[in-house]
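For reference, the structure is listed below as structure tokens.
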Amino acid sequence: MSHRLPRMATALLAGLIFGLGLSLSGMLDPVRVQGFLDVFGAWDPSLAFVLGGAVIVAFLGVAVSRRLPKPAFDREFHIRGTRMIDRRLVVGSAIFGIGWGIAGLCPGPAISALALGKPEAILFVVVMVAGMVAHDRWTGQGR
């Protein structure tokens, strides 16, 4: 029996819950995110609670998944096997952090903000997708 439809429905539901959480927490507001990241200026620590809640939810999800033989709608968990911290990971993380600080958006909130029709979110997503395509072409991973 194919699990394609239940898997897609579950992914859609998870995405909707994630987007709702981002919206309710204020993560769709670039000014608020930049206020959180401005630790040497007018720092707004309120998003620390959002990040703390996300870490707790992720911890619980990983703990539950380790006890399961397989996911409900797939044959296996698709978890990357390597834990190596290399130059590519560090450079990519730095680029991500710099972009998050400049734009006040990261991929999840930017995609969620598309539903609000915010021009900065549309621009961010267009540039993000262009960067992803450029990365895949440059590294040959898009084949």
Side-chain angles (χ1 to χ4, degrees), residues 3-142:
H3 292 294
R4 185 178 176 156
L5 185 59
R7 190 172 48 215
M8 290 174 61
T10 304
L12 177 63
L13 179 63
L16 289 173
I17 292 171
F18 181 63
L20 180 64
L22 291 172
S23 178
L24 291 175
S25 67
M27 293 286 291
L28 304 186
D29 181 3
V31 173
R32 189 161 181 207
V33 172
Q34 288 170 329
F36 172 70
L37 296 173
D38 188 11
V39 293
F40 298 113
W43 187 49
D44 175 8
S46 62
L47 291 183
F49 294 105
V50 174
L51 295 174
V55 168
I56 291 169
V57 169
F59 176 80
L60 293 174
V62 169
V64 168
S65 72
R66 287 188 174 167
R67 294 179 178 266
L68 298 174
K70 65 179 190 71
F73 303 119
D74 205 343
R75 290 185 210 133
E76 62 184 302
F77 288 104
H78 301 277
I79 299 171
R80 190 173 175 193
T82 181
R83 293 178 177 212
M84 185 175 69
I85 298 173
D86 58 7
R87 188 173 68 88
R88 290 181 60 193
L89 177 64
V90 172
V91 170
S93 299
I95 291 170
F96 178 90
I98 291 168
W100 192 32
I102 290 172
L105 289 168
C106 62
I111 291 171
S112 296
L114 287 177
L116 304 175
K118 292 184 168 187
E120 63 266 27
I122 295 169
L123 177 63
F124 183 92
V125 171
V126 167
V127 172
M128 178 180 72
V129 170
M132 293 166 69
V133 170
H135 170 269
D136 286 352
R137 292 199 180 203
W138 184 42
T139 62
Q141 293 182 358

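- Of all heavy-atom pairs between Asp86 and Leu89, the closest is OD1-N, 3.0 Å.
- Atom CE of Met8 is separated from atom CG of Leu13 by 13.5 Å, given to the nearest 0.5 angstrom.
- One N or O on the side chain of Ser65 and one on the backbone of Val62 form a donor-acceptor pair closer than 3.5 Å.
- Closest of all the heavy-atom pairs between Ser25 and Val50 is CB-CG2, 3.5 Å.
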Margin query: Working note: Phe36 + Leu51, criterion side-chain contact (heavy atoms from CB on, under 4.5 Å); need CA distance, chi angles, decisive distance, verdict.
Written below: CA-CA 11 Å; Phe36 172 70; Leu51 295 174; 3.5 Å; yes
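- In this structure the side chain of Asp74 never reaches within 4.5 angstrom of the side chain of His3, judged on heavy atoms.
- Across every non-hydrogen atom of Ser46 and Arg32, the tightest pair is OG-NH2, 2.9 Å.
- Residues Lys70 and Arg75 approach most closely at CB-O, 3.6 Å, considering heavy atoms.
- One distance of note links CG of Leu22 with CD1 of Ile17; it measures 12.0 Å at 0.5 Å rounding.
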Next item on the list: May I have the step-by-step check of side-chain contact (heavy atoms from CB on, under 4.5 Å) for Ile85 and Val90, ending in yes or no?
Entry: CA-CA 7 Å; Ile85 298 173; Val90 172; 3.9 Å; yes
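- When all heavy atoms are compared, the tightest approach of Lys118 to Asp29 is NZ-CA, 4.4 Å.
- For the pair Trp43 (side chain) and Asp38 (backbone), a donor-acceptor distance under 3.5 Å is absent.
- Without hydrogens or angle criteria, Ser112 side chain to Gly108 main chain gives a donor-acceptor distance under 3.5 Å.
- Annotation for Leu68 and Phe77: closest pair O-CE1, 3.8 Å, computed over non-hydrogen atoms.
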